[in-house]
Asker: 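Sharing a structure below in structure tokens format, with a few things to ask.
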There are 2 protein chains.
Amino acid sequence: MDLTSEEIEKLGVETSFIQQLSIDCVIFGFHGEQLKVLLPKLRDIDNTWTLPGGYIFQKEGIDDAAQRILQERTGLRDIYLEQFGVFGKADRATAETMKKLMEGNSIRVKLGDWILKRFVSIGYYALVDFTEVVPRAGSFDETCDWYDMKQLPNLAFDHSEIIQKALENLQLMLDYKLVGFHLLPDAFTMKELQKLYETILDKPFRRDNFQRKMLSLGILERLEKKFTGAANKAPYTYRFKQRN
Amino acid sequence: MDLTSEEIEKLGVETSFIQQLSIDCVIFGFHGEQLKVLLPKLRDIDNTWTLPGGYIFQKEGIDDAAQRILQERTGLRDIYLEQFGVFGKADRATAETMKKLMEGNSIRVKLGDWILKRFVSIGYYALVDFTEVVPRAGSFDETCDWYDMKQLPNLAFDHSEIIQKALENLQLMLDYKLVGFHLLPDAFTMKELQKLYETILDKPFRRDNFQRKMLSLGILERLEKKFTGAANKAPYTYRFKQRN
DNA sequence: CCAAAAGTGTTAACTGTACACCCATGT
DNA sequence: ACATGGGTGTACAGTTAACACTTTTGG
């Protein structure tokens with residue numbers, strides 16, 4: 001959690017947050033032909049990462065809360081967000097595991113015991129342009145870095161399961177809502193888009209047919225060519241048409 | 001809410017339920033070629049219905065809580081349930097509207113003011129066999145009946161929006177997860193299945209091609225013919241193959 | 001000129017849609 | 001025999017997948 005001093009003060013007043021309800025965010029990025037997840041690592045806790053998360057103010061909508069939490073981590077505003085599930089098994093984060101996780105982190109425990117109660121968590125995933133993100137470690141964090149989706153570090157609670165569910169939902173929605181573009185820079189080549197699809201859906205596409213299919217959707221506009229210096233035909237770049 | 005006396009007593013202890021978090025259930029049924037929703041009407045409140053809902057015990061998983069709430073309403077166990085969204089706008093159920101709704105219902109208000117706080121609600125929808133349900137009005141309800149999806153009564157809060165979202169999710173998942181069978185009796189004719197699909201997706205299908213498509217999925221087993229007494233060829237009945 | 005990758009024309013395979021005919025059923 | 005609705009064969013159309021060829025780029 002990345003709390004301002006003002007927010008920490010508010011934490012003392014139990015009623016300022018909704019109790020026993022949290023938000024966990026899976027922040028997806030794409031870089032080096034790999035799908036990445038942004039994960040902070042709590043200080044003084046060995047070899048354990050958690051999803052960036054937070055709580056909901058009494059007068060705050062849950063989508064607003066998720067945007068606020070994401071802005072604290074990535075510095076970005078108006079992020080593409082999707083609410084994909086609620087995680088509320090009775091034993092998903094017991095007081096024991098929470099306490100264990102809190103060892104050595106005196107600040108949190110002082111805030112009161114409400115944080116040790118059983119929590120239900122709302123899962124959001126965010127799709128961000130990797131190149132635009134400046135990861136920010138919060139005041140309780142040791143680090144905040146990107147991790148390869150295929151080589152995730154050790155995750156606390158059920159956060160590993162939450163990431164898996166997020167990916168499944170993204171796979172299901174990729175064609176339906178055409179949201180992949182949020183993971184790429186403004187202008188991109190067809191090859192980059194294809195690699196993105198292949199990585200997310202974990203299956204290969206034929207270069208020729210992929211190109212035609214994407215162009216037939218009528219959502220791309222062709223920009224200028226991109227000269228890389230390679231000894232081959234320069235590819236066009238494309239941009240996602242916002243609205244026509 | 002259909003509370004037992006034991007549960008009402010527990011209500012006095014605020015900590016027995018998770019505060020400010022509720023579950024709302026959209027119970028879908030199919031009858032007379034129409035999609036139906038089971039809706040209780042609170043007593044002493046004029047012309048206003050609500051979704052059947054409830055709260056989550058401290059040591060209870062959210063799916064278990066939804067099953068419990070549904071069992072209280074329908075008498076059925078092991079209902080098909082899908083969690084389709086969370087409703088948490090800051091103003092979705094303010095203290096004012098809640099109080100207004102509570103006028104004349106002294107029992108609830110006596111339970112304490114925690115129920116007047118802002119709530120976040122987890123939306124589930126259930127698919128049940130209409131013929132197996134015995135609607136049960138809870139202790140706070142005047143009635144509990146099926147309503148036509150196309151002629152819903154006046155609904156409180158954002159419950160109308162919740163039902164709409166539930167339907168959209170059902171439409172999206174109908175082909176993907178093949179869940180329509182839960183809305184039909186164990187054995188059904190192809191025509192009944194077609195009418196179900198047409199009603200949910202709100203578009204017509206060709207009789208011949210629909211039949212072939214369903215059979216090609218390999219999930220139906222053909223049972224004996226159904227003789228209705230009509231002067232035409234008797235249709236086969238089918239059953240959904242559980243697993244092979 | 002050559003290798004490598006981009007872009008596109010053409011064809012084959014598949015899937016979905018439409019029309020047809022035959023079959024079973026009770027009057 | 002006839003009307004009615006069920007089941008299935010077949011042809012047509014549209015979509016998707018596969019193959020091939022041409023174009024562009026820098027060495």
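Below, all heavy atoms of this structure are taken into account, side chains as well, without hydrogens, waters or symmetry copies. Owing to the predicted nature of the structure, the values given are computational and were not obtained by experimental measurement. Order of the sequence lines sets the chain letters (A, B, ...), proteins ahead of strands, with each chain counted from 1.
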Asker: Would you kindly compare A:Ala234 and A:Ala231 by the position of their nearest DNA chain C nucleotide and give the one closer to the 5′ end?
Answerer: A:Ala231
Asker: Out of C:dG7, D:dA18, D:dG7, which nucleotide sits closest to the side chain of A:Tyr236?
Answerer: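 So the nucleotide nearest the side chain must be C:dG7.
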Asker: Nearest whole angstrom, please: distance from the P of D:dG7 to the CG of B:Leu193.
Answerer: 12 Å
Asker: Just how far, in rounded Å, is P of C:dA5 from NZ of A:Lys195?
Answerer: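 It works out to 11 Å between those atoms.
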Asker: Could you state the CG-P distance from B:Leu215 to D:dG6, rounded to the nearest angstrom?
Answerer: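 Between P of D:dG6 and CG of B:Leu215: 14 Å.
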Asker: Verify, without hydrogens or angle tests, whether A:Gln83 (side chain) and B:Val86 (backbone) share a donor-acceptor contact under 3.5 angstrom.
Answerer: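 Yes, the answer is positive, given that a donor and an acceptor are paired below the 3.5 Å cut-off.
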Asker: Can you confirm whether or not the ring centre of A:Tyr124 sits under 6.0 Å from the ring centre of A:Phe84?
Answerer: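 Aromatic pair excluded; centres sit 6.0 Å or further apart.
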Asker: Closer than 4.0 Å, any side-chain N/O of A:Gln211 to the OP1 or OP2 of C:dA6?
Answerer: no
Asker: Let me know the distance between CZ of B:Arg207 and C1' of C:dT17, rounded to the nearest Å.
Answerer: 14 Å
Asker: By the definition ring-ring contact (aromatic ring centres under 6.0 Å, His included), identify the one residue from B:Trp146, B:Phe28, B:Phe30, B:Phe188 that meets it with B:Phe130.
Answerer: B:Trp146
Asker: Between A:Phe210 (CZ) and C:dG7 (P), how many Å, whole number?
Answerer: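 Nearest whole value for this atom pair: 13 Å.
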Asker: How long is the line joining CG of B:Leu223 and P of D:dG6, in whole Å?
Answerer: 17 Å
Asker: Using the side-chain heavy atoms of A:Asp208, tell me which of these nucleotides is nearest: C:dC19, C:dT25, C:dG9.
Answerer: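 Of all the options, the side chain of A:Asp208 is nearest to C:dG9.
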Asker: Are A:Lys203 and A:Glu198 within salt-bridge range, i.e. N to O under 4.0 Å?
Answerer: no
Asker: Of the candidate nucleotides C:dC23, C:dC19, D:dG26, which contains the atom at the shortest distance from the side chain of B:Lys233?
Answerer: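 Nearest nucleotide to the side chain: C:dC23.
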Asker: Could you tell me the separation between the CG atom of A:Asn209 and the P atom of D:dG14, rounded to a whole number of Å?
Answerer: 19 Å
Asker: When all nucleic acid strands are considered with a 4.0 Å heavy-atom cut-off, which category describes A:Lys191: base, sugar-phosphate, or nothing?
Answerer: sugar-phosphate
Asker: Tell me which nucleotide among C:dG7, D:dT4, C:dG9 gets nearest to the side chain of A:Arg212.
Answerer: C:dG9
Asker: Using whole Å, report how far CG of B:Leu217 lies from P of C:dT15.
Answerer: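 From B:Leu217 CG to C:dT15 P: 12 Å.
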Asker: With respect to the side chain of B:Pro235, which nucleotide from D:dG7, C:dG7, D:dA17 is positioned closest?
Answerer: D:dG7
Asker: Any carboxylate oxygen within less than 4.0 angstrom of a Lys/Arg side-chain nitrogen, looking at B:Lys41 and B:Glu142?
Answerer: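 Yes, this pair counts.
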